[in-house]
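Heads up, the thing below is written out as C-alpha cells.
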2 protein chains.
Amino acid sequence: MSTADSDGAVLMPRIDQTGAAVGDSSLTDVAVRAGVSTATVSRALRGLPSVTEETRARIKAVADELGYVVSPSASRLATGRTHTVGVIVPSIDRWFSGQVIKGVEQVLRAAGYDLLFYNLGDDEGRARFFEAMPLRRRVDAVLVLSVPLQDPEVAKLRSLHLPIGLVGASADTFSSVRIDDLAGAATAVRHLIGLGHRDIALISGGTDVPPHFTTPTDRRRGYLDALAASGIGYDPALEAAGDFTITGGERAMSHLLGRPHHPTAVFALCDEMAFGAMRVLRTSGLRIPRDISVIGFDDHEMSDLLDLTTIRQPVVEQGATIARLLLDRLSAEAHTRPHQNEVSLPTQLVVRGSTAPRRARRA
Amino acid sequence: MSTADSDGAVLMPRIDQTGAAVGDSSLTDVAVRAGVSTATVSRALRGLPSVTEETRARIKAVADELGYVVSPSASRLATGRTHTVGVIVPSIDRWFSGQVIKGVEQVLRAAGYDLLFYNLGDDEGRARFFEAMPLRRRVDAVLVLSVPLQDPEVAKLRSLHLPIGLVGASADTFSSVRIDDLAGAATAVRHLIGLGHRDIALISGGTDVPPHFTTPTDRRRGYLDALAASGIGYDPALEAAGDFTITGGERAMSHLLGRPHHPTAVFALCDEMAFGAMRVLRTSGLRIPRDISVIGFDDHEMSDLLDLTTIRQPVVEQGATIARLLLDRLSAEAHTRPHQNEVSLPTQLVVRGSTAPRRARRA
DNA sequence: ATGAAAGCGCTAACAA
DNA sequence: TTGTTAGCGCTTTCAT
C-alpha cells in the first residue's frame with residue numbers, strides 16, 4: 001500500500017500513454033477536495049450569487065491549489081455558447097488588417113472572448129471559406145474586416161444566424177463600423193483646392209466594384225463633389241485606376257504623366273497608392289510639393305516617414321468599436337433593449353510636406 | 001395535431017427562445033435518418049476504414065441533406081484534442097507579425113487546425129498573459145512568434161506540457177525556426193566593405209537583451225566579425241542604439257551625426273531603423289548613396305519603395321515552417337520517429353540604390 | 001444555499 | 001462491418 005489513499009492519484013498530474021500530462025484536475029476533483037458537489041463548485045467559480053462567501057472562498061482556495069482551469073469544451077457543450085468570435089480578414093499581412101485586429105483583440109479579450117482567426121487569402125481561399133463555412137458551431141459571432149462581400153457571401157453569413165459585424169462595409173442587418181469616406185475625400189480635395197489647385201488628378205480603385213464595399217466609390221464621389229462645389233469640371237483624363245496597391249499607384253501615376261493634361265496635384269484614394277505615385281514622380285524628376293502636390297487617404301504608418309499629407313482614419317478604434325457592437329448583441333440584456341447597429345467614425349486632415357500652394361505654370 | 005410526426009421537429013431547424021436557430025442537426029439526427037447507429041455515422045464521416053463505401057455514401061448524403069456539421073466542442077470533449085493551435089504574437093500590428101501569421105495560417109488551416117490568437121501588447125498585457133496562461137485546455141500546441149522570452153516565461157510555457165514552437169528564438173526543447181542572423185549581418189557588412197567603406201556605423205538594438213532573443217546580439221556579432229575579418233577595428237563611437245523602431249533609428253542616426261568620427265556607410269540591424277536613419281540623413285542634407293551608404297536587414301515591404309539595400313529574410317516561410325514542425329509533433333507517427341526541431345532558413349543580399357562605392361573624403 | 005441527476009454531442013472500447 | 005454503451009467535464013433544472 002502506498003501512503004496515498006485510493007484517491008491520491010487525483011492530486012497528481014495524470015499522465016496518459018503518450019507521456020503528455022492530460023487535462024489537469026476537473027471540477028469533480030475540486031468538489032471532492034472541498035467536500036461539496038460539482039454544482040456548487042461550478043456556481044462558486046462562475047461567481048453566481050447563490051453561494052455563501054465562505055464556501056466560495058474555500059472552493060477557490062482548493063481550485064487554486066489544484067491549478068484547476070475550466071474545460072472550455074465541456075462548458076461549451078453544456079451551454080451551447082463558445083465565447084469565441086470568428087474574425088475574417090482578406091489578408092492578414094496588410095497594415096490595415098493588423099491595426100483593426102489589434103482593436104478587436106483588445107476589446108474581445110477583455111470581455112473573456114477568444115478570437116478564431118480566418119485569413120481568406122486569394123480568391124480560391126475565399127471561395128473555399130464561403131463554401132465550407134468553417135465557423136458553424138465554433139463561434140458565437142462573426143467579424144468581417146473590410147472584405148468586399150458579394151451577395152451570395154452575405155447570404156451565407158446570414159444563414160449562420162449569428163450576430164455579424166462588418167468593418168468598412170455595410171450590408172443586411174449586420175452591425176457595421178466605418179468612416180465617412182465621402183466627407184474625408186471631399187476634405188482632401190478641398191485642401192488642394194484651397195491651395196489654389198484646379199488640375200487635380202485622381203488615382204482611384206479598380207474597375208470591379210462589389211456592391212457592399214463602398215469605400216472606393218464613396219471616396220471617388222467625395223472627389224467629384226468637392227470639384228463640383230468649386231465649379232471645377234471633372235476631366236476623365238485626370239483619373240487613373242491603381243487598385244489600392246503601391247504598384248498600382250505607380251502604374252496609375254505613369255499613365256497620368258503620359259497624358260497631355262498635366263495635374264498640379266494628385267489625390268490618391270489610399271496612402272499606398274500615393275506612395276507609388278510619389279516614387280514615380282520623383283524618378284520622373286518632379287519635386288514634391290514644389291512641382292506637384294500629393295495627398296493620400298488612411299494615414300498609413302509609413303505616411304509620417306514619407307511626409308505625406310493625408311486623411312487620417314481611426315483604424316484600431318474601428319476594430320474596437322465593431323467588437324463592442326458585437327458584444328452588445330451577445331449580452332443577455334441586448335435581447336430586450338435596442339442596440340446601435342451602424343457607427344461612423346470621423347476622419348481628420350493631416351497636413352504634412354507633400355502638399356503646397358500651386359505655383360504659376362511654367363511655359 | 002400537426003402533420004409532422006412526433007420526431008418531425010428533428011428535421012426542421014430548431015428555434016430557441018431567442019429566435020436564433022440553434023445547433024442545427026446532430027449526429028443522432030443523421031443516424032436516425034440513415035438507419036444506422038451514431039457510431040457508424042461518426043466513423044463514416046471521419047473517413048475511418050471500417051465502413052462500407054455504400055453505407056458511407058448514404059450517410060454522407062443524409063448529412064449533406066440535413067446540413068450536418070460536427071460539434072467541435074463535443075468531439076473535443078470526447079477526444080481531448082482541440083485541433084487548435086495557440087498563436088502568440090508580441091504585437092499584431094507589425095509587418096513581421098502579419099507575414100509570419102500568414103505562413104502559419106496557410107499550413108495550419110490546410111491541416112484542419114484552428115488558430116487561437118493572442119496579441120500580447122504592452123508589458124502589462126504580457127504579464128497578464130503569462131500569469132493566467134489562458135491557453136490551458138484550449139489548444140494542442142503553442143506558437144510563439146518573435147517574443148523575447150524571459151526564463152520564467154519559458155518555464156510557464158513548458159508547464160503546459162504541449163508542443164511549443166518558436167520563431168526568431170530558441171529555448172528549451174521547443175521547436176524553432178530562425179535565420180542565420182550572424183551570417184546575414186556579416187554579408188551586409190562585407191557588401192559595404194566590398195564597396196570600399198571602412199568607416200561603417202552600426203545602428204544596433206536596445207540595451208536590454210533577453211537571453212532567448214538572440215537576434216540583436218547575433219546581428220551585431222556579424223558586424224563585428226566582418227569588420228575583424230577585414231582588419232577593420234571596431235570604434236564604439238560608430239555604434240548607436242535604435243531599439244528596432246523607425247523613431248529609434250532616427251535618434252540613433254542623429255547621435256552618430258553629432259559625433260566627430262563620421263561614417264561613410266551605415267548598417268542598421270533592421271529596415272525600420274534604416275528608414276528612420278535615411279530620413280535624418282536626407283533632412284541633414286546628406287545624399288544617399290552619394291554621401292553615405294545605408295543598408296538594412298529584413299527586406300520590409302517598404303524597402304523596395306524606399307530603394308533600400310538590405311538582407312532579405314523569408315518571413316512567411318518561417319511561419320509556414322514552424323507550423324509544419326508543430327504539426328509533425330502533433331501527428332501520431334511522430335511519437336515513434338524522431339523529428340527535426342531546429343530549422344535555420346537562409347538570407348539573401350538584395351542590392352538596391354542605397355549603397356554605392358565610397359567616394360574620396362572631402363576636406 | 002446546496003445536492004442529485006440528467007443531459008450537451010460526440011468518440012472509443014467492447015461486443016456481436 | 002456495425003451496434004451498444006460508457007464516458008469526456010461541464011451546466012442546469014429540480015429537489016431539499
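Sequence lines set the chain letters: A, B, ... in the order given, protein chains first and strands last, and positions in each chain run from 1.
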Looking at [options], which one has an atom nearest to any side-chain atom of [X]?
{"X": "A/Ala78", "options": "C/dG3, C/dC10, D/dG9", "result": "D/dG9"}
{"X": "B/Arg43", "options": "D/dT12, D/dG9, D/dT2", "result": "D/dT2"}
{"X": "B/Arg137", "options": "D/dT12, C/dG9, D/dG9", "result": "D/dG9"}
{"X": "B/Val36", "options": "D/dG9, D/dG3, D/dT5", "result": "D/dG3"}
{"X": "B/Ser37", "options": "D/dT13, C/dC10, D/dG3", "result": "D/dG3"}
{"X": "A/Val51", "options": "C/dA12, D/dT11, C/dT2", "result": "C/dT2"}

For [X] and [N], is the shortest distance between a side-chain N/O and OP1 or OP2 below 4.0 Å?
{"X": "A/Thr55", "N": "C/dT2", "result": "yes"}
{"X": "A/Thr40", "N": "C/dT2", "result": "no"}
{"X": "B/Ser42", "N": "C/dT11", "result": "yes"}

Calculate, to the nearest 0.5 Å, the distance between atoms CD and CD belonging to A/Glu131 and A/Glu124 respectively. 12.5 Å

Answer with base, sugar-phosphate or nothing: what part of the nucleic acid does A/Ser50 contact at a heavy-atom distance below 4.0 Å?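 If one applies the 4.0 Å heavy-atom cut-off, A/Ser50 turns out to touch a base.
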
Quick one: label A/Thr52 by what it contacts on the DNA or RNA (base, sugar-phosphate, nothing), any heavy atom closer than 4.0 Å. sugar-phosphate

Length of the line joining [X]:[atom1] and [N]:[atom2], which is rounded to integer Å:
{"X": "A/Arg138", "N": "C/dC8", "atom1": "CZ", "atom2": "P", "value": "21 Å"}
{"X": "B/Leu48", "N": "D/dT2", "atom1": "CG", "atom2": "P", "value": "12 Å"}
{"X": "B/Asp29", "N": "C/dC8", "atom1": "CG", "atom2": "P", "value": "11 Å"}
{"X": "A/Leu77", "N": "D/dC10", "atom1": "CG", "atom2": "C1'", "value": "8 Å"}
{"X": "A/Leu27", "N": "D/dT11", "atom1": "CG", "atom2": "P", "value": "6 Å"}
{"X": "A/Leu45", "N": "C/dT2", "atom1": "CG", "atom2": "P", "value": "14 Å"}
{"X": "B/His83", "N": "C/dC10", "atom1": "NE2", "atom2": "P", "value": "15 Å"}

Heavy-atom check, side chain of A/Leu145 versus side chain of A/Ser97, under 4.5 Å: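 Side chain of A/Leu145 against side chain of A/Ser97, heavy atoms only: no contact under 4.5 Å found.
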
Any donor-acceptor pair under 3.5 Å linking the side chain of B/Thr82 with the backbone of B/Asp140? yes

Main-chain N/O of B/Glu105 paired with B/Arg109 side-chain donor or acceptor, under 3.5 Å: no

So which one's nearest nucleotide on DNA chain C is more toward 5', B/Ala39 or B/Ser73? B/Ser73

How about CG on B/Asp123, more than 12 heavy atoms from neighbouring residues, nucleotides or ligands closer than 6.0 Å, or not?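 Not buried by this count: 12 neighbours or fewer within 6.0 Å.
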
If you find the nucleotide of DNA chain D closest to B/Thr38 and the one closest to A/Thr38, which residue's nucleotide is nearer the 5' end?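 Final value for this comparison: B/Thr38.
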
Of B/Gly35 and A/Thr28, the one whose closest DNA chain D nucleotide lies more 5': B/Gly35

Mark yes or no for a side-chain to base donor-acceptor pair under 3.5 Å between B/Arg76 and D/dG9, with no hydrogen or angle criteria applied.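 Absent.
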
Assess whether a salt bridge exists between B/Arg56 and B/Glu53, defined as any Lys/Arg side-chain N lying under 4.0 Å from an Asp/Glu carboxylate O.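 Salt bridge flag = yes for B/Glu53 with B/Arg56.
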
